[in-house]
Every structure is written in structure tokens, then in C-alpha cells.
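Here is the structure we will look at, set down as C-alpha cells.
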Amino acid sequence: VQLQASGGGLVQAGGSLRLSCAASGRTVSNYGMGWFRQAPGKEREFIARIRWSSGITYYADSVKGRFTASRDNAKNTVYLQMNRLKPEDTAIYYCAAARVPTSTRASEYDYWGQGTLVTVSS
């Protein structure tokens, strides 16, 4: 499975961005797709998950109500809509795929995209 993340950039606090993660290679229809982020000097943090088969989502408290994960089966792509961004959301954002579709632990994700940088200015 190859994952290609895109959509990062520079945005002012309160603004929005949408990240995309295109999957190719082996079918991911039974996988869970996770979004993680890593800020400088910090550990990689789980922020959202979506089950490819059902579309069921789960969010970390830090982003709940502001971020929304979705998927487009026809395009084999998952998205992370990020609204009301804050400076503390600044990080490199990664998408990942896990055979365990309910996982929130980075160690349980099997495939990773290359990361896309999100910078939120105050």
C-alpha cells in the first residue's frame, strides 16, 4: 500500500485546510485509515481515524468538533477537513493505514504516507 498525503500549507488561526491521502497498491477496503501529527520536539499524536468499509470515525479530544475525516471510495482517498485551526495545530500531518481498523496507536499502523506540513499562524 502506498499513501500520498497532500494539502498542507500556511493558514491563519481560525482558518481551514483540507488534507488528502490517496491510497494505491493493495486494496485498503478493510483497513482503518488514521491521521496523526507530529509537532517539533513532540511525539507523534493520533488525531482521527476512519474505517474505510463503514465510514465510522473517531477523534482525539484535541480536535473533536473541529476536524472531520471522510473518504471517497471511488477515488481511494481519505480526507481530513480541519476547521477553526489554532497555532497549536502546527505540525507535520501523516496519514496511515492499519489492518486493525480501530487502532489509535501509531505502532499498529502498517503503512504511512510521507507527511504534509501544516503551519497555523497567530
Side-chain angles (χ1 to χ4, degrees):
V1 177
Q2 291 80 46
L3 302 176
Q4 181 72 39
S6 61
L10 173 64
V11 64
Q12 288 188 332
S16 299
L17 280 175
R18 188 177 79 157
L19 305 182
S20 301
C21 177
S24 60
R26 182 177 301 179
T27 180
V28 292
S29 58
N30 295 321
Y31 281 56
M33 300 299 295
W35 287 97
F36 293 77
R37 67 186 180 189
Q38 189 165 19
K42 295 188 177 181
E43 293 187 353
R44 193 164 296 190
E45 172 193 17
F46 166 84
I47 55 173
R49 180 192 72 217
I50 183 168
R51 294 187 68 164
W52 203 288
S53 57
S54 64
I56 294 174
T57 55
Y58 178 79
Y59 302 95
D61 288 343
S62 57
V63 305
K64 195 176 296 182
R66 299 189 299 123
F67 291 11
T68 303
S70 62
R71 90 270 195 238
D72 184 328
N73 290 341
K75 295 182 178 180
N76 236 24
T77 300
V78 295
Y79 303 96
L80 185 68
Q81 178 67 43
M82 306 186 295
N83 298 328
R84 292 185 282 133
L85 283 160
K86 305 174 182 179
E88 52 264 43
D89 294 319
T90 295
I92 298 174
Y93 283 70
Y94 298 89
C95 62
R99 294 184 183 90
V100 179
T102 57
S103 178
T104 61
R105 301 173 64 176
S107 60
E108 293 181 346
Y109 279 75
D110 305 288
Y111 304 99
W112 290 83
Q114 84 285 10
T116 184
L117 177 62
V118 172
T119 304
V120 184
S121 63
S122 58

Interatomic spacing from [atom1] in [X] to [atom2] in [Y] - rounded to 0.5 Å:
X: Thr57; Y: Phe67; atom1: OG1; atom2: CZ; result: 14.0 Å
X: Ser54; Y: Arg71; atom1: OG; atom2: CZ; result: 6.5 Å
X: Met33; Y: Thr77; atom1: CE; atom2: OG1; result: 9.0 Å
X: Ile47; Y: Tyr59; atom1: CD1; atom2: OH; result: 10.0 Å
X: Met82; Y: Thr68; atom1: CE; atom2: OG1; result: 11.0 Å
X: Ser122; Y: Lys86; atom1: OG; atom2: NZ; result: 14.0 Å

Under 4.5 Å between side-chain heavy atoms, counting indirect links through other Ile/Leu/Val/Met/Phe/Trp/Tyr residues: same cluster for Val63 and Tyr79 or not?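 No.
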Would you name the heavy atoms of [X] and [Y] that are closest together and state the gap between them?
X: Ala5; Y: Gly115; result: CB-N, 4.5 Å
X: Asn83; Y: Ser16; result: OD1-OG, 2.9 Å
X: Leu10; Y: Ser121; result: CD1-CB, 4.3 Å
X: Ala96; Y: Leu3; result: CA-CD1, 3.6 Å

Heavy-atom side-chain contact between Cys21 and Val78 under 4.5 Å: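 Contact flag for Cys21/Val78 side chains = yes.
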Is Tyr31 close to Tyr111 at the side-chain level, that is, under 4.5 Å between some pair of heavy atoms?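 Tyr111 vs Tyr31: side chains touch.
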Who clusters with Leu117? Use side-chain heavy atoms, under 4.5 angstrom, across I, L, V, M, F, W and Y, and order the result by chain and number.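 When side chains under 4.5 Å apart are linked, the cluster holding Leu117 also contains Phe36, Phe46, Tyr58, Ile92, Tyr94, Tyr109, Trp112.
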Do Thr90 side-chain atoms and Val120 backbone N/O form a donor-acceptor pair below 3.5 Å?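 Between the backbone of Val120 and the side chain of Thr90 there is a qualifying donor-acceptor contact (under 3.5 Å).
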Between Arg51 and Ile56, is there a donor-acceptor pair closer than 3.5 Å when you use the side chain of the first and the backbone of the second?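 Between the backbone of Ile56 and the side chain of Arg51 there is no qualifying donor-acceptor contact (under 3.5 Å).
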Side chain to side chain donor-acceptor pair (under 3.5 Å) partners of residues 36-49, not counting sequence neighbours, each pair once: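 Non-adjacent pairs meeting side chain to side chain donor-acceptor pair (under 3.5 Å): Arg37-Glu45, Arg37-Asp89, Arg37-Tyr93, Gln38-Arg44, Glu45-Ser62.
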